[in-house]
Protein chains: 2
Amino acid sequence: MTQTQFRYCGLNVALKTLTGKWKPMILFHLFRTEEIRFNELWRIIPKVSKKVLLQQLGQMEEDGLLIREERKGFPPEVYYRISEKGRALGSVLAQLEAWANTYAPQQVQQVFDSEKHVPSFD
Amino acid sequence: MTQTQFRYCGLNVALKTLTGKWKPMILFHLFRTEEIRFNELWRIIPKVSKKVLLQQLGQMEEDGLLIREERKGFPPEVYYRISEKGRALGSVLAQLEAWANTYAPQQVQQVFDSEKHVPSFD
DNA sequence: CAGTATCCCGCGTGATACTG
DNA sequence: CAGTATCACGCGGGATACTG
């Protein structure tokens, strides 16, 4: 039996940065691609309003999870990519995913079914 | 460089079960003790209303994170303890805690300071 | 194309009083 | 002691139109 210990202050902070309706999906895509433009991201994420997507990206930038790069010109080009801080979360996110798949497979399936098409990348 | 992969459906489910203002603290205490009575928990968690604490405990029971045991008699005695499913999250929670302490120490410190007294058990 | 401005609504959280 | 009933409020999320 593994005895794991933690305090809750850091846990609070970590969960706060991860909390947001679209953040898991955003992270998923950031982990998949080197960089991605806003509209590209917006197109592949169904049913989110532009305002909210911008909002969540803004929070994630504030929290240092991602890096926003604005290449000058017109029309504007803005690229988002995962940061080091964000990448450091990768294994933990994978473990959360694994935990859910193990202990709550039916709920995971529900989320899966509730979406038109979950990008299946192999 | 560790390449970690995850989909977001399970991540969504996992984060949903962890989302709640007092859940990190509740988990912390459940991991510390074998079992704990409601009022005991209520006393050591400052500034949470009884209703909300009950609410969050209720959700966590629904999600199978903890086990609620009601021992008959009067006045009633209700004990809460971590479940297997909940315990399986231990190492992940510890990693989230560690991540926050590494990458956002000042925010963690802020949370720490904003509380009268964070139970420091060693 | 990327971002802002408004207006809106439901839900998570909270204070307080009451009950078995 | 543990739990419920009410009432209230702010905030996250959403629809839509507009701007540089």
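Quantities reported herein were computed from a predicted structural model and do not represent experimental measurements. Each chain gets a letter, A, B and so on, in the order its sequence line appears, and its residues count up from 1.
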Tell me, with the steps shown, if B:Tyr8 and A:Glu115 meet side chain to side chain contact (heavy atoms under 4.5 Å, CB included).
CA-CA 12 Å; B:Tyr8 56 87; A:Glu115 314 202 358; 2.9 Å; yes
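As rounded to whole Å, 12 Å separates atom P of C:dA2 from atom CD of A:Glu35. Atom NZ of A:Lys21 is separated from atom P of C:dG10 by 14 Å (rounded to the nearest Å). Rounded to a whole Å, the NZ atom of B:Lys72 is 16 Å from the P atom of C:dG20. Between A:Glu70 atom CD and C:dC1 atom P the separation is 15 Å, expressed in whole Å. Put simply, NZ on B:Lys23 is 11 Å from C1' on C:dG12, counting in whole angstrom units. When the C1' atom of D:dA2 is taken as reference, atom CZ of B:Arg71 falls 15 Å away, rounded to whole Å. A straight line from CG of B:Leu57 to P of D:dC1 spans 16 Å, rounded to a whole angstrom. In this structure, the NZ atom of A:Lys16 is 18 Å from the P atom of C:dG12, given to the nearest Å.
Put simply, B:Arg37 has no side-chain N or O that comes within less than 4.0 Å of OP1 or OP2 on D:dC1. Listed pair B:Lys51 / D:dA2 fails the phosphate criterion, with no side-chain N or O lying under 4.0 Å from OP1 or OP2.
In this structure, the nucleotide among D:dA2, C:dC1, C:dG3 sitting nearest to the side chain of A:Asn39 is C:dC1. Nearest to the side-chain atoms of B:Tyr80 among the listed nucleotides C:dC1, D:dG14, D:dG3 stands D:dG3. For A:Val78, counting side-chain heavy atoms from C-beta on, the closest listed nucleotide (D:dC1, D:dG3, C:dG3) is C:dG3. Taking the side chain of A:Arg68 as heavy atoms from C-beta on, and the options C:dA2, D:dG14, D:dG3, the nearest nucleotide is C:dA2. Candidate nucleotides C:dG14, C:dG3, D:dG20 were compared by shortest atom distance to the side chain of A:Phe38, and C:dG3 ranks first. In the set C:dA2, C:dG20, D:dG3, C:dG20 carries the atom at the smallest distance from any side-chain atom of B:Pro76.
Within 4.0 Å of B:Tyr79, counting heavy atoms only, lies no atom of the nucleic acid at all. A:Val52 comes within contact range of at least one nucleobase, with a heavy-atom separation under 4.0 Å. Residue A:Glu40 is out of contact with every strand shown, counting any heavy-atom pair closer than 4.0 Å. As judged by a 4.0 angstrom heavy-atom cut-off over every strand, A:Trp42 is placed among residues making no nucleic acid contact.
Pair check for D:dG20 finds C:dC1; Watson-Crick or G-U wobble, both atom distances under 3.5 Å.
Each of B:Glu77 and A:Gln55 was assigned the nucleotide of DNA chain D with the nearest heavy atom; the assignment lying further toward the 5' end belongs to B:Glu77. The residue among B:Gln56 and A:Arg43 whose nearest nucleotide of DNA chain C is located toward the 5' end is A:Arg43. DNA chain D is contacted by both A:Pro75 and A:Gly20; A:Gly20 maps to the nucleotide lying nearer its 5′ end (nearest heavy atom per residue).
Looking only at side-chain heavy atoms (C-beta outward), A:Leu89 and B:Leu96 come within less than 4.5 Å of each other. A 4.5 Å side-chain heavy-atom check between B:Leu57 and B:Tyr80 finds at least one atom pair inside the cut-off. Looking at B:Leu11 and A:Phe28, their side chains never come closer than 4.5 Å, going by heavy atoms from C-beta outward. A heavy-atom distance below 4.5 Å is not found between the side chains of B:Arg7 and A:Asn101.
Listed for the B:Glu61 side chain is no donor-acceptor partner under 3.5 Å among the backbone atoms of B:Leu66.
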